Amino acid sequence: MSIQNAISNRELLDQQERRESNARSYPRRIPLAISEAEGIYVTDMEGNKYLDCLAGAGTLALGHNHPAVIEAMEQVIRDKRPLHTLDITTPVKEEFVNELFSTLPEGFRDRAKIQFCGPTGGDAIEAALKLVKTATGRQSILTFQGGYHGATHGTMAISGNLGPKKNVQGLMPDTHFLPYPYTYRCPFGVGGEESHLISSQYIENLLDDPESGILPPAAMIFETVQGEGGSIPAPIEWIREMRRITEERGIPLIIDEVQTGIGRTGELFSFEHAGIVPDVFVLSKAIGGSLPLSVVIYDRDLDAWEPGAHIGTFRGNQMAMAAGTATLKFIKENRLVAHAGEMGERLLQSLQELQQEFPEIGDVRGRGLMVGVEIIDPAKPHSASGSQPADPDVASGIQRESFKRGLILEVGGRHGAVVRFLPPLIITREQVDEVVSIFREALIASLAE
Ligand SMILES: Cc1ncc(COP(=O)(O)O)c(C=O)c1O
């Protein structure tokens with residue numbers, strides 16, 4: 001039974017529009033007020049229920065209000081634990097660090113250090129940049145086209161999307177964008193396997209060329225699956241090559257696991273697919289079990305920064321640490337990482353079947369439960385590597401029509417033409433099938449608009 005609300009979706013949305021910043025984003029595309037939420041479902045003010053495949057932008061590994069998470073938070077209150085402690089330690093924090101460290105790859109576990117940040121993904125990426133700059137005494141950062149690392153000045157500087165950057169002066173200098181192996185829209189115009197081989201070759205050459213124009217870098221940073229860039233998984237072999245190339249040249253490798261981390265891609269940490277270990281990786285979103293938390297985990301050899309080098313008031317959220325511990329334990333005890341891999345494969349395959357039916361689906365791709373469908377205009381000419389121009393209107397039509405049918409999906413990627421699926425890891429087979437069936441109806445409706 002859902003709560004009877006005295007106020008409607010429309011009234012709350014109108015209030016929001018009147019009072020909140022012009023910079024607000026999601027409510028423009030997902031126009032509802034959420035009254036209640038449980039598991040994969042959210043319910044709006046009028047009792048309409050939606051399958052939530054946005055899940056707090058990939059934050060809610062166990063879905064909304066999971067009993068294990070609620071119990072952990074209630075326990076903190078029952079035990080009269082402090083709720084906020086800056087970075088002063090507590091038993092709740094100790095348990096969180098123990099649980100998290102127990103999941104780290106062997107060999108790295110004993111060398112790992114952790115920095116609590118404050119508490120967004122963007123802040124933790126900022127910390128990681130400061131860490132490697134301090135440790136190496138260098139300033140250049142190598143990053144990738146299509147990467148997304150946050151909305152602060154530093155993280156925006158190393159992110160690809162020009163939209164938010166173009167009106168903001170004074171971003172972090174000395175950032176260098178490299179071609180990401182986006183095989184559908186291959187930066188080298190070849191596509192397929194060759195695309196990532198050329199990318200590795202290009203990067204290796206750049207780093208060894210004494211006239212490359214780039215000073216020896218403080219780090220290379222990337223997502224193994226670009227999220228906001230359009231759910232683009234880097235080929236496993238390319239990830240290994242990046243590790244080899246950086247290791248051979250003493251360049252710290254930072255993997256941004258903010259969206260991919262904690263089981264989403266079918267491994268607990270997405271770099272595990274490639275069997276590599278980065279020097280630094282960053283976790284946020286799912287690690288706080290629905291609450292704000294972010295950390296940088298790194299090799300102790302880089303621990304050269306001084307006391308207070310990365311401070312911030314809200315680095316001691318005990319509820320988030322308890323919720324994070326509960327999430328990690330639940331994932332382990334219930335084989336949710338493997339489940340995410342299986343459900344992701346089912347989703348991917350079903351969407352690939354739809355691709356045979358609809359020429360508007362240019363590409364279906366993903367890793368685990370981080371899946372994207374790139375919508376194109378099949379009437380337009382092919383590029384040299386076989387892709388066709390993006391069709392953002394049909395993509396946003398799919399989002400609108402899905403919403404009308406009770407499914408929340410995100411749209412992003414290049415030109416806003418990638419429909420993105422980021423469901424909680426607890427999604428069932430039946431729910432995957434329902435998501436695909438609604439997506440199909442929404443695609444038909446969007447094409448008829
Ligand atoms: C890969 C990646 N890095 C960093 C961030 C920034 O995290 P936050 O929005 O918490 O600052 C995001 C957010 O979507 C992300 O997807």
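Just so you know, ligand 1 is whichever comes first in the structure, and atom 1 is the first atom listed for that ligand. If you're wondering where the values come from, they're calculated on a predicted model, not measured in any experiment.
- Only the side chain of V258 comes within 4.0 Å of ligand 1, counting heavy atoms alone; its backbone N, CA, C and O stay farther away.
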Please report the C-alpha distance between E267 and R367 in whole Å, then the side-chain angles of each, then the deciding distance to 0.1 Å, and finally whether the salt bridge (charged side-chain N to carboxylate O under 4.0 Å, His left out) criterion is met. CA-CA 10 Å; E267 290 284 357; R367 191 163 287 144; over 6 Å; no
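- Ligand-side atoms of ligand 1 in range of K285: 13 (C), 14 (O), 16 (O), range being under 4.0 angstrom from any heavy atom.
- At least one N/O-N/O distance between G121 and ligand 1 falls below 3.5 Å.
- The ligand atoms of ligand 1 that sit less than 4.0 angstrom from a heavy atom of G122 are 6 (C), 7 (O), 8 (P), 11 (O).
- Taking distance alone, with nitrogen or oxygen atoms compared against 3.5 Å, S284 stays at or beyond that limit from ligand 1.
- Each of F177, W238, Y202 was checked for a ring-ring contact (aromatic ring centres under 6.0 Å, His included) with F144, and the lone residue meeting it is W238.
- Taking the six-membered ring wherever Trp is involved, the centroid distance between the rings of Y41 and Y50 does not fall below 6.0 Å.
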Given M343 and Q431, is the side-chain contact (heavy atoms from CB on, under 4.5 Å) satisfied, shown in steps? CA-CA 10 Å; M343 292 305 102; Q431 287 163 345; over 6 Å; no
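- For atom 9 (O) of ligand 1, no protein non-hydrogen atom is found at a distance below 4.0 Å.
- Between I287 and the choices V258, L328, T325, the side chain to side chain contact (heavy atoms under 4.5 Å, CB included) rule is met once, by L328.
- Put simply, no part of E257 is less than 4.0 Å from ligand 1, judged by heavy atoms.
- Looking at ligand 1, you'll find an N or O of D256 within less than 3.5 Å of one of its N or O atoms.
- Close approach of ligand 1 to T120 (heavy-atom distance below 4.0 Å) involves ligand atoms 10 (O), 11 (O).
- Counting the atoms of ligand 1 from 1 in the order shown, those under 4.0 Å from a heavy atom of Q259 are 14 (O), 16 (O).
- Judged as a salt bridge (Lys or Arg N to Asp or Glu O under 4.0 Å), not a single pair has a partner in residues 130-144 (not counting sequence neighbours).
- Salt bridge status for E342 with R335: present, with a side-chain N to carboxylate O gap under 4.0 Å.
- Under 4.0 angstrom from ligand 1, the non-hydrogen atoms of E223 all belong to its side chain.
- Salt-bridge check for E237 with R240: passed, with a basic side-chain N closer than 4.0 Å to an acidic carboxylate O.
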